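Read through the structure below, which is laid out as structure tokens, and then see the notes.
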Amino acid sequence: MSAQSRPAFYALDRGGWRDYVTLLHLPYTAWHLSYVAIGCALAPELHADRLLAALAAFFLALGVAAHALDELRGRPLGTAIPRGVLIGLAAASLVGAVVIGVAAAVAWTPWLLAFVAVGGFLVPAYNLELLGGRFHSDLWFGIGWGAFPVLTGYFVTAERLEPEAILAAIAALFLSLAQRHLSTQVRTVRRRVRTVEGTIVHDDGREESITPATLLRTPELALRALTLAVISLAAALLLTHT
């Protein structure tokens, strides 16, 4: 499979165990797990057990369940994972995330149950486009995959929300919107475009053919840079507690 024919820049060759690795959307999963870490790190005191519990819950809910449900709708990644396996992965992972959330609520604060309920609803509502797709939009992606992980990470650690958590959630919302806008063009070119034709004529008369690589290069470089930036920021904030 050529690089440009892959459904995502991080997709492996199709088949076998590689389909399951591709299903995880590892760069983007790491990006959104970083929001959880940022929320935890912004709290006055970092608790390693709460950080790990939050990361585990979000990995199951967003990294596995959400992506399995997404693959059920039209096979955007083109994997050969059986439908029943995808359903099982989604259900087991979402249940696992909820169990971790409920256990955390019992151990630390019952107010976490509100976050568990919101997360347990957003994953199927967004990825299965429930209620007529009302929750499947750029804004809800920014809320559910950006702002919500930050707020949850902060709350599970501090058991309250402070202005810094709200501001960080807003930042994550807009970063996720930027991700969404960039990835929309990338997904379209990689998954829905058959041919690309055209020529760019520069002021000096030089001509450059427009190819799929022309349309992919800049947004994918930006997506890779943003992924590394958010992960690095999360790591830096966590290190302030050492």
Side-chain angles (χ1 to χ4, degrees), residues 10 21 23-67 93-94 96-105 107-109 111-120 122-123 126-127 140-180 182-183 222-242:
Y10 46 82
V21 176
L23 181 70
L24 295 176
H25 297 262
L26 286 175
Y28 294 157
T29 294
W31 182 337
H32 294 287
L33 288 180
S34 295
Y35 290 144
V36 179
I38 287 170
C40 291
L42 285 174
E45 184 177 353
L46 181 66
H47 301 278
D49 55 343
R50 302 188 185 203
L51 168 66
L52 292 175
L55 288 174
F58 273 89
F59 174 77
L60 290 173
L62 299 187
V64 182
H67 292 147
S93 298
L94 190 56
V98 170
V99 168
I100 292 173
V102 171
W108 301 315
T109 170
W111 288 106
L112 277 174
L113 292 175
F115 291 85
V116 174
V118 170
L122 281 178
V123 169
Y126 179 87
N127 290 96
W140 278 105
F141 177 83
I143 293 172
W145 271 243
F148 181 68
V150 172
L151 293 174
T152 305
Y154 190 97
F155 190 85
V156 74
T157 306
E159 299 186 14
R160 64 184 186 278
L161 292 178
E162 297 291 348
E164 60 267 27
I166 305 300
L167 289 173
I170 292 172
L173 166 65
F174 283 107
L175 279 169
S176 296
L177 288 177
Q179 174 193 2
R180 185 70 172 172
L182 290 167
S183 64
L223 285 166
R224 295 180 192 214
L226 285 168
T227 299
L228 293 174
V230 175
I231 293 172
S232 298
L233 176 60
L237 289 173
L238 288 173
L239 286 174
T240 63
H241 291 274
T242 59

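Counting from 1, the numbers follow the sequence of the chain as shown. Everything numeric in this text was worked out from a predicted model, so none of it was measured.
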Pair up each side-chain donor or acceptor in residues 233-242 with any protein partner under 3.5 Å, not counting sequence neighbours, and list the distances.
residue, atom, partner, partner atom, Å
T240, OG1, L237, O, 2.5
H241, NE2, A41, O, 2.5
T242, OG1, L239, O, 2.7

Between [X] and [Y], what is the shortest heavy-atom contact and its length?
| X | Y | value |
| --- | --- | --- |
| A65 | L94 | CB-N, 3.9 Å |
| V230 | S34 | CG1-CB, 3.7 Å |
| A97 | L60 | N-CD1, 3.8 Å |
| P149 | L62 | CG-CD1, 4.4 Å |
| S176 | G146 | OG-CA, 3.3 Å |
| A168 | V150 | CB-CG1, 3.8 Å |

Separation of [Y] [atom2] from [X] [atom1] (nearest 0.5 Å):
| X | Y | atom1 | atom2 | value |
| --- | --- | --- | --- | --- |
| R50 | L112 | CZ | CG | 8.0 Å |
| L151 | I143 | CG | CD1 | 10.5 Å |
| L175 | I170 | CG | CD1 | 12.0 Å |
| S183 | H25 | OG | NE2 | 10.5 Å |
| W140 | L173 | CH2 | CG | 11.0 Å |
| R160 | F155 | CZ | CZ | 10.0 Å |

Option from L55, I231, I38 for which side-chain contact (heavy atoms from CB on, under 4.5 Å) with L33 holds:
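When side-chain contact (heavy atoms from CB on, under 4.5 Å) is applied between L33 and each of L55, I231, I38, only L55 qualifies.
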Side-chain donor/acceptor of T29 to backbone N/O of L24, under 3.5 Å:
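Checked: pair present.
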Just by modelled atom types, is the A105 backbone N or O under 3.5 Å from a matching donor or acceptor in the T109 side chain?
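Absent.
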Does the plane of the ring in F58 sit parallel, tilted or perpendicular to the ring in F148? Use 30° and 60° as the thresholds.
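F58 and F148: tilted rings.
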Using the ring of each side chain (for Trp, its six-membered ring), is W145 parallel, tilted or perpendicular to F141, with breaks at 30° and 60°?
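Rings of W145 and F141: parallel, under 30°.
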Can you check side-chain contact (heavy atoms from CB on, under 4.5 Å) on L113 and V102, steps first, answer last?
CA-CA 6 Å; L113 292 175; V102 171; 4.2 Å; yes
I want to check something: taking the side chain as every heavy atom from C-beta on, are V21 and Y10 in contact at a cut-off of under 4.5 Å?
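No, every pair of side-chain atoms sits at 4.5 Å or beyond.
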Begin from the C-alpha positions of V156 and F115 and carry the test side-chain contact (heavy atoms from CB on, under 4.5 Å) through to its verdict.
CA-CA 9 Å; V156 74; F115 291 85; over 6 Å; no
side-chain contact (heavy atoms from CB on, under 4.5 Å) between T157 and L42, intermediate numbers included:
CA-CA 9 Å; T157 306; L42 285 174; over 6 Å; no
Please report the C-alpha distance between Q179 and Y28 in whole Å, then the side-chain angles of each, then the deciding distance to 0.1 Å, and finally whether the side-chain contact (heavy atoms from CB on, under 4.5 Å) criterion is met.
CA-CA 9 Å; Q179 174 193 2; Y28 294 157; 3.5 Å; yes
Residues F59, H32; criterion ring-ring contact (aromatic ring centres under 6.0 Å, His included); working and verdict:
CA-CA 9 Å; F59 174 77; H32 294 287; over 10 Å; no
Those residues that, when tested against Y154, pass ring-ring contact (aromatic ring centres under 6.0 Å, His included) (two or more places apart):
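None.
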